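Take a look at the structure set out below.
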Amino acid sequence: MKLRVRLAEASLLVPLAVAALWSLPALARGGGGEHYTSDRSGPDGGGADIGILFDLLYLAIRYPVIGVPLLLLFVGYVIYSRRQSGNGSTRKALERMDEQQRTAVSAADVHAWVNKLKAEDPAFDLLALFDKTKKLFLDVQGAWFRRDLKPVRPFLSDASHQRLSTQLKLLDSQGVRDALTDVQLQDLQIIGLEQSEWFDTVHIRVKASMRDTDVPSTFSDDQAQVAAKKAALAPFVEVWSFVRKPGAQTKIGEDLYQGKCPNCGAPFEGGASNACESCGAVVNSGNYDWVLAEITQGMEFQRNDVGVEGLAKARQTDPALNSEMLEDRASLCFWRWVEAQSLSKASVLSKVATPEFQARLDAELLALAAQHRRKVFLECAVGSVQTRAVQPVEGMDFAHVEIRWSARLGLGPVNEKPPQLPTVPQRWVFTLTRKVGATTHAEAGMATNRCPQCNAPASDNASTSCEFCGAELATGEHDWVLCDAVLWEEWRASTSSRARPGANAQVVDRSERERLLYMMAAMAIADGVVDEKERALLKMCSQRWNVPWANVDLALKAGPNLFERLVGKQTPEAENFLRELVNLAMIDGKIDRREKKMLEAAAVHLGLSQQLPGMLKV
Ligand SMILES: [Zn+2]
Ligand SMILES: [Zn+2]
């Protein structure tokens, strides 16, 4: 699917070019690799440069015709790069952290994971799971291409189905369809297993390639294929996450892949209800067999290892409450929220959000429509979904779920092509609410879009109640509904206990740095013209934080509408934001002159110039 492929390309291309440049001196030295460079570099990062200098001096004496020009070039490069990025130690510290976050898997890991699964399910076989993954992968591409998800519906959790269906609608609303061909799967690897009381989650890395391109939505399948053939073959990596209830047993030859109910083995014909006609089992619940819960880009994949504040306490009254289902439900709400805004139709949320939330969104969309503008979410993708806290307040339970996503986001005139926009990482917290005393609907499992009273699948209409039994769905009487969606900074600022410093340990990965930088750029633009001095500071950040400058430049051109919202001046969330910037600058243990200037500029935009010196002291 191009949505993801393109995102990966956009963010990979520039760093690769930069990496190629960077590695040139190392290659010339011969035998010098990354480790050599980082081992030799002292605290000021100068060691490697000196090593190359000696090599080049030798070359210049021995073969002056080649060596002298190379030496001059190198000296020029060192001076230039020093001026551009200071001593570069921030950048090196960040690169090391990125490295550690990448998914490395040993044969021993794989062996251990498989054994853990076999302990409860002796018939489990990794190769058989790979075969299923391969079939599903190809079927999903085919269903996506034909714009008909019915054939793969029983294999997807409700949120992953919602995501694909929303993405198809967004493409259609722009008058295009995704034409793809020559889909090839190169490699499958298990890269993680998470086990909780409620679900086992298996992460499978998929390496594949395909040709794809945008064509008018009126194109037939044949016309679309012809167009796709002309596109370049592009490789991509995704992580497919499958979820299953612990204790579920592999049934060889008796599952959905053979057209059989994974619970009772009766023939399963499909159909909108997604439930077996013989035994009533919800086939995509994850209670009987693996169900696809999420597709993540390789780069954005993150291990889910944070504890959830308040979850254990909430389980005392609702023992089946679990973060997997909450996250699936939050993800479902997220995609509905994206769809509602892109199509300017708040009623898309009628069954999954509170009437108040819907009314607020409706008012926002009406105000935009009055200005003949609309919200644009292009190439929207979710990076990670993580439950942060569960807490009861005055008769209602609240679950706060962090969603990291990215999109080319902006405001565009109605019925016109949106402006050229960069892909911007976003970090939000979606808050779901439910009446205290309501309990988790365990039979539906990862099928989180069903009526909690009669178990029927929730239909797509604008009504707020179940069309089968009349149960009211939007009030949170029985199931979690969306009641708020705010920026990460706003959420952090709303409760002081969450502002504890430990929470910052996570902010330094690449998409987070990218997000902070774009926010700084957007705030600078919002305050008026961005002068050369300020551009230079942003450029320095882009180099130190390893974010492609071309994207930042695009962000500066796109204007302040790059974000749904910005943090307000002189607010607690502005303080959180500035503190994150300080932490980032401190990652190498110090703040140098240029970093200080950058922080001062940011503090001006945040209205926090007086608070900054206090933050730098701590
Ligand atoms: Zn059955
Ligand atoms: Zn119902």
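All values derive from a computational prediction rather than experimental measurement. One-based numbering, in listed order, for ligands and for the atoms of each. In what follows, every heavy atom counts, from backbone to side chain, and hydrogens, waters and symmetry copies are set aside.
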Task: Enclosure of Lys169 NZ (heavy-atom neighbours >12, cutoff 6.0 Å) - done: yes
TODO: Quick one: sort the Tyr257 and Phe155 rings into parallel, tilted or perpendicular, breaks at 30° and 60°.
DONE: tilted
Task: Geometry at the Zn ion (ligand 2) - Cys466 SG versus Cys469 SG angle, rounded to 10 degrees - done: 110°
Open item on the list: Closer than 2.8 Å to the Zn ion (ligand 1), what protein N/O/S atoms do you find?
Closed with: Cys261 SG, Cys264 SG, Cys276 SG, Cys279 SG
Open item on the list: Only to 10 degrees, please: what angle do the SG atom of Cys454 and the SG atom of Cys451 make about the Zn ion (ligand 2)?
Closed with: 110°
Open item on the list: Students often mix this up, so state it plainly: with edges at 30° and 60°, are the rings of His400 and Phe398 parallel, tilted or perpendicular?
Closed with: parallel
Open item on the list: Between Glu443 and Arg450, does any NZ, NE, NH1 or NH2 come within less than 4.0 Å of an OD or OE carboxylate oxygen?
Closed with: no
Open item on the list: Between Arg515 and Glu512, does any NZ, NE, NH1 or NH2 come within less than 4.0 Å of an OD or OE carboxylate oxygen?
Closed with: yes
Task: Carboxylate-amine/guanidinium proximity below 4.0 Å for Asp139 and Lys132 - done: no
- [ ] Begin with the C-alpha distance, continue with both residues' side-chain angles, and end with the deciding distance and a verdict on ring pair (Phe, Tyr, Trp, His ring centres under 6.0 Å) for Phe334 and Trp428.
- [x] CA-CA 10 Å; Phe334 167 79; Trp428 285 60; 8.7 Å; no
